[in-house]
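Structure first, commentary second.
Reckoned from all heavy atoms, side chains included, excluding hydrogens, waters and symmetry mates.
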Amino acid sequence: MDIIKELGDSRLYNLHSHTQFCDGKARMEEFARAAAEAGFTHYGYSPHSPICIASSCNMAESDVPTYLAEVGRIKQSEWGDKVKFYASMEIDYLGDQWGPAIGYFQDLPLDYRIGSVHFTPNRHGELIDIDGPADDFIKKMHDHFSNDIRYVVEKYFEHEHNMLDAGGFDIIGHFDKIGHNGSHYADGLDHEDWYMDLVDGMIKHIAKSGVIVEINTKANKIHSRFFPDERHWQKLKEAGIPVIVNSDAHHPLLINADRDYPLEWFGK
């Protein structure tokens with residue numbers, strides 16, 4: 001699916017959302033109703049994908065058929081007459097053996113795929129979730145990473161580059177999100193030259209890959225931060241990278257949260 005062409009001139013869309021199948025706070029039909037009542041034209045479901053390690057945030061592989069059937073039901077429902085609904089997943093890249101490009105995810109009948117990094121390996125090869133609350137991240141820095149924040153950040157971006165090389169997805173999710181927790185651990189980290197160089201390297205790689213960057217608005221209301229951070233938007237524009245604006249909604253009331261400003265900034 002050509003996502004940019006599919007969306008056309010519409011501003012009333014959201015292609016990143018989480019429901020009862022992962023860590024969302026409401027059922028899929030509640031999001032469908034909210035999208036229809038808000039006049040949305042396009043709405044995509046993107047549960048955190050099944051992964052090969054234990055995780056309380058990711059959907060179970062056994063639930064995938066039920067999830068896909070529910071998307072199909074909603075497409076045929078009263079809401080489906082008003083909104084185009086899509087089946088997707090936010091697929092975790094864990095390394096060479098697990099990510100959007102593997103056969104399992106490529107064979108699923110998804111309309112599009114979001115590739116994201118939420119886990120970073122420590123020096124023992126153990127995958128650690130570095131995407132949770134800042135307090136948890138700070139504890140994990142001590143417990144799993146010997147307080148080596150530069151190692152964590154560099155490994156995070158290494159995984160992002162490897163995911164781009166492997167391919168198999170359409171949208172890259174919140175590609176600089178490590179800057180948020182990283183700056184809670186070490187204030188100002190995401191303004192340091194070495195960090196900025198890592199982001200610049202990602203932008204150059206994304207431009208060559210052809211994937212779409214999402215401007216993720218989930219954290220803006222509480223933390224006054226978009227992903228990628230607003231400081232990097234001009235570089236995205238200058239690189240000619242296609243952009244969409246997603247709210248990463250975990251609750252139906254947030255399907256359009258804080259999307260207006262980035263839409264206007266990018267001239268959408």
Side-chain angles (χ1 to χ4, degrees), residues 1-8 10-19 22 24 31 35 40-49 51 58-59 67 71 84-94 98-102 105-106 108-118 131 156-157 159-178 199 202-220 226-229 232-233 235-237 239-250 255-259 262-263 265-266 268:
M1 181 175 78
D2 184 333
I3 295 171
I4 300 297
K5 184 177 180 180
E6 183 84 1
L7 295 177
S10 177
R11 292 175 52 148
L12 288 171
Y13 66 83
N14 183 40
L15 301 184
H16 189 161
S17 66
H18 300 282
T19 65
C22 54
F31 285 85
F40 270 45
T41 56
H42 306 77
Y43 197 85
Y45 296 104
S46 57
H48 290 289
S49 71
I51 55 176
N58 292 72
M59 75 184 303
Y67 159 66
V71 179
K84 287 187 176 181
F85 290 99
Y86 304 99
S88 178
M89 286 185 186
E90 184 179 15
I91 303 170
D92 276 289
Y93 180 85
L94 302 180
W98 197 271
I102 69 171
F105 293 116
Q106 291 299 302
L108 290 176
L110 301 175
D111 295 305
Y112 61 91
R113 294 162 181 81
I114 300 173
S116 294
V117 173
H118 299 98
D131 188 57
Y156 174 90
F157 281 108
H159 263 210
E160 294 273 8
H161 282 291
N162 291 342
M163 181 174 71
L164 282 169
D165 286 336
F169 62 100
D170 307 282
I171 302 167
I172 187 165
H174 47 62
F175 76 79
D176 71 337
K177 198 171 186 186
I178 189 63
V199 174
M202 273 299 298
I203 291 173
K204 291 176 182 177
H205 197 170
I206 291 168
K208 293 179 181 178
S209 74
V211 301
I212 298 166
V213 164
E214 73 162 9
I215 305 299
N216 187 306
T217 68
K218 176 186 174 183
N220 191 59
F226 297 102
F227 305 117
D229 190 77
H232 309 304
W233 292 359
K235 294 175 183 177
L236 295 175
K237 183 179 286 189
I241 295 172
V243 166
I244 60 174
V245 181
N246 289 328
S247 73
D248 194 352
H250 287 62
I255 60 173
N256 202 28
D258 293 289
R259 294 179 65 251
L263 283 168
W265 196 97
F266 282 96
K268 300 291 187 179

Donor-acceptor contact present, side-chain Thr19 to main-chain Gly24, <3.5 Å: no

Polar side chain donor-acceptor pair, Glu6 to His42, under 3.5 angstrom: no

Nearest atoms (heavy-atom pairs only) where Leu108 meets Met89: CD1-CE, 3.7 Å

Check: Ser46 main-chain N/O paired with His18 side-chain donor or acceptor under 3.5 Å: yes

Ring geometry between Phe266 and Trp233 (parallel below 30°, tilted from 30 to 60°, perpendicular above 60°): tilted

Phe105 side chain reached by Pro100 side chain, heavy atoms, under 4.5 Å: no

Side-chain (Glu90) to main-chain (Ser49) donor-acceptor, under 3.5 angstrom: no

More than 12 heavy atoms of other groups within 6.0 Å of Lys237 NZ: yes

Leu15 side chain reached by Ser88 side chain, heavy atoms, under 4.5 Å: no

Under 3.5 Å: donor-acceptor pair, side chain of Tyr13, backbone of Ile244: no

Minimum heavy-atom distance Phe157-Met202, with the two atoms named: CD2-CG, 3.4 Å

Distance-minimising heavy-atom pair for Met1 and Asp111: CB-O, 3.6 Å

Check: Ser17 side chain, Gly44 main-chain N or O, donor-acceptor pair, under 3.5 Å: yes

Beyond-backbone contact of Ile172 with Ser116, side-chain heavy atoms, under 4.5 angstrom: no

Main-chain N/O of Lys218 paired to Asn216 side chain as donor or acceptor, under 3.5 Å: yes

Geometric class of the Tyr43/Phe40 ring pair [parallel <30°, tilted 30-60°, perpendicular >60°]: tilted

Parallel, tilted or perpendicular: ring planes of His161 versus His205, cut at 30 and 60 degrees: parallel

Side-chain donor/acceptor of Arg259 to backbone N/O of Arg11, under 3.5 Å: yes

Heavy-atom pair with the smallest gap, counting every atom of Glu160 and Phe175: OE2-O, 3.3 Å

Heavy-atom check, side chain of Phe169 versus side chain of Tyr93, under 4.5 Å: no

Sidechain-backbone polar pair: Asp248 side chain, His16 backbone, donor-acceptor under 3.5 Å: no

Side-chain heavy-atom pair Glu214, His174 within 4.5 angstrom cut-off: yes

Minimum heavy-atom distance between Leu94 and His159, given as atom pair plus value: O-CE1, 3.5 Å

Passing candidate, side-chain hydrogen bond (donor to acceptor under 3.5 Å, both in side chains) with Ser247, options Asn14, Thr217, Asp258: Asn14

Asp176 side chain to Asp229 backbone, donor-acceptor under 3.5 Å: yes

